[in-house]
Visitor: 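Could you have a look at this structure, given as structure tokens, before my questions?
Only this structure's heavy atoms are used, side chains among them; waters, hydrogens and symmetry mates stay out.
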Amino acid sequence: MKDEESASGKAQDGKNGAQADGSKEDGADGSVADAKGKEDALEDAKESSGAQGKPGTGEKAAQETTKPKLADYEITVFGETAVMYASSPVNVRKGPAVDFDRVGGLLRGQQVTVTGQADTGWYEISYGKEKAYVSGRYLQKEKPQEEPEGQQTEGASGAGQQEANGQAAGEAQPSAEQQGEQAQPSAEQQGEQAQPSAEQQGEQAQQAAVQNAAGVIMVGDSRFVQMQQSVGENSCTWIAESGKGYNWFSDTAIARIDGCVGKGSKVLINLGVNDPGHLNDYLALVNAKAAEWAGKGAAVYYASVNPVWDNPYVTEEQVEYFNSQMQAGLSPDVHWIDSHSYLNSVGYKLVDGLHFSTETNQNLYAYYMGCL
């Protein structure tokens, strides 16, 4: 399905670096896309392929000259805010065009508060504590009908590229000149969604051959309980219970970790989805214990709270705030694993707004093992 999004039709310098018609897409067919212009190809290729080294002077100049500015756009602020819903997964950006950096994503049916509209047709929304922008083509006044339980909910660009914070399989493949780079749309598919990077494709192809890391202690809540069930036999020590949070971590899990941690251990903690309000408590305790465990020769990792959809317990905005504060507040003894962004880049399935499908759990486990 082709569904182009027009950045404005003005072709002004510094707005979106696109062709005169400004046609680019930020999400369609139930997926979220980052279809960037040619000026961004070098940067995209470097990020998605994991290339080492810094860009040359010419590349830097090209990137700087095409960087969009919010001041170049006219934003009309509404007298009264409005409630709207995402008609399909779509990117959330810093400005009202696809050339602006992505800051997150919306899932199909996710409610947002709209505060204004840009001259490109994009809506200004309240996103956490900031203002952000979403293409007007993907917001509507009525909430869309619920999708069948277990249907794929994908994050932002990749094998399915989300906030939601992906892209469906079966899209255009990269051209010969773009092998190893983040794929651009083919000539007959311009305006369609961005393709998974070579790195993402390689990760997916290798997931079936995951090797367990030695000495791993997995500490978490129901998400880790289900992950353990999904991956089957493995060499990890699992300290996980459903519905648990900081109090359980402090009163029960810590003692169990102390009983098995030692030289060469790798402690991976993934808690907070059940009680993001305990942010400061988590920071204080994790930093203190990480110093102690590191002194015993162990490595400590904290994995970000992963994406959620509509559920009665926690919102995606709370998850993102928790992650940003945890990442900023953890000591150098703790290695941060941004699994939230990983799932948004490769796609994932939620079965109840909070818990992942077996396939997603297996993919996520493979990612964790690769980080350790």
Side-chain angles (χ1 to χ4, degrees), residues 1 3 25-36 44 47-50 86-93 102-110 138 147-174 182-185 189 192-208 210 223 226-227 230-231 303-310 316 319-320 323 337-371:
M1 164 181 171
D3 188 4
E25 182 168 285
D26 212 34
D29 266 351
S31 61
V32 180
D34 262 326
K36 296 189 175 182
D44 283 348
E47 291 178 352
S48 62
S49 64
S87 59
S88 64
V90 62
N91 285 322
V92 177
R93 298 185 180 276
R102 178 183 177 278
V103 295
L106 302 177
L107 292 168
R108 182 178 185 275
Q110 186 168 342
Y138 302 100
E147 295 180 339
E149 185 175 348
Q151 181 165 340
Q152 182 154 343
T153 303
E154 296 182 308
S157 84
Q161 196 189 30
Q162 142 9 96
E163 179 185 229
N165 218 255
Q167 294 184 340
E171 296 172 358
Q173 299 302 314
Q182 179 173 343
Q184 303 298 321
Q189 291 174 319
E192 293 192 7
Q193 298 149 312
Q195 305 306 311
S197 68
E199 181 182 25
Q200 291 165 351
Q201 291 172 334
E203 287 174 350
Q204 293 158 16
Q206 295 168 4
Q207 281 167 356
V210 176
R223 287 178 158 189
Q226 294 190 4
M227 179 180 290
S230 296
V231 300
S304 60
V305 174
N306 293 316
V308 299
W309 200 16
D310 292 340
E316 179 65 12
V319 166
E320 291 181 348
N323 287 339
I337 297 179
D338 190 3
S339 48
H340 185 283
S341 293
Y342 167 76
L343 288 179
N344 281 338
S345 71
V346 301
Y348 57 89
K349 294 180 183 179
L350 282 166
V351 297
D352 60 3
L354 191 62
H355 298 99
F356 297 111
S357 68
T358 296
E359 180 184 3
T360 297
N361 278 326
Q362 292 171 344
N363 292 345
L364 187 54
Y365 177 79
Y367 173 72
Y368 287 147
M369 294 301 105
C371 292

Visitor: Could you tell me which non-hydrogen atom of His340 sits nearest to which non-hydrogen atom of Ser304, and how far apart they are?
Guide: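 Closest approach of His340 to Ser304, heavy atoms only: N-OG, 2.9 Å.
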Visitor: What distance separates Asn306 CG from Leu354 CG, expressed to the nearest 0.5 Å?
Guide: 10.5 Å
Visitor: Measure the OG1-NE2 distance between Thr360 and His355 for me, rounded to the nearest 0.5 Å.
Guide: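 Interatomic distance, Thr360 OG1 to His355 NE2, rounded to 0.5 Å: 13.0 Å.
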Visitor: Has Glu316 got a side-chain atom pairing as donor or acceptor with Val308's backbone, closer than 3.5 angstrom?
Guide: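 Flag set: sc Glu316 to bb Val308 pair under 3.5 Å.
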Visitor: Of all heavy-atom pairs between Pro307 and Leu343, which one has the smallest distance, and what is that distance?
Guide: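 Scanning both residues completely, I find the closest heavy atoms to be CD-CD1, 3.8 Å.
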Visitor: From Asn363 CG over to Lys349 NZ, what is the distance, rounded to the nearest 0.5 angstrom?
Guide: 9.5 Å
Visitor: In Å, rounded to the nearest 0.5 Å, how long is the span from CZ of Phe356 to CE of Met227?
Guide: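 Output value for this atom pair is 8.0 Å.
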Visitor: Does the side chain of Tyr367 pick up a donor-acceptor pair with the side chain of Ser339 at under 3.5 Å?
Guide: no
Visitor: With no hydrogens and no angle check, is any side-chain donor or acceptor of Ser230 less than 3.5 Å from a backbone partner on Asn361?
Guide: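 The answer is no, because no donor-acceptor pair under 3.5 Å joins these two groups.
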Visitor: Which pair of non-hydrogen atoms, one from Arg223 and one from Leu350, has the smallest distance, and what is that distance?
Guide: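 Scanning both residues completely, I find the closest heavy atoms to be NH2-CD2, 4.5 Å.
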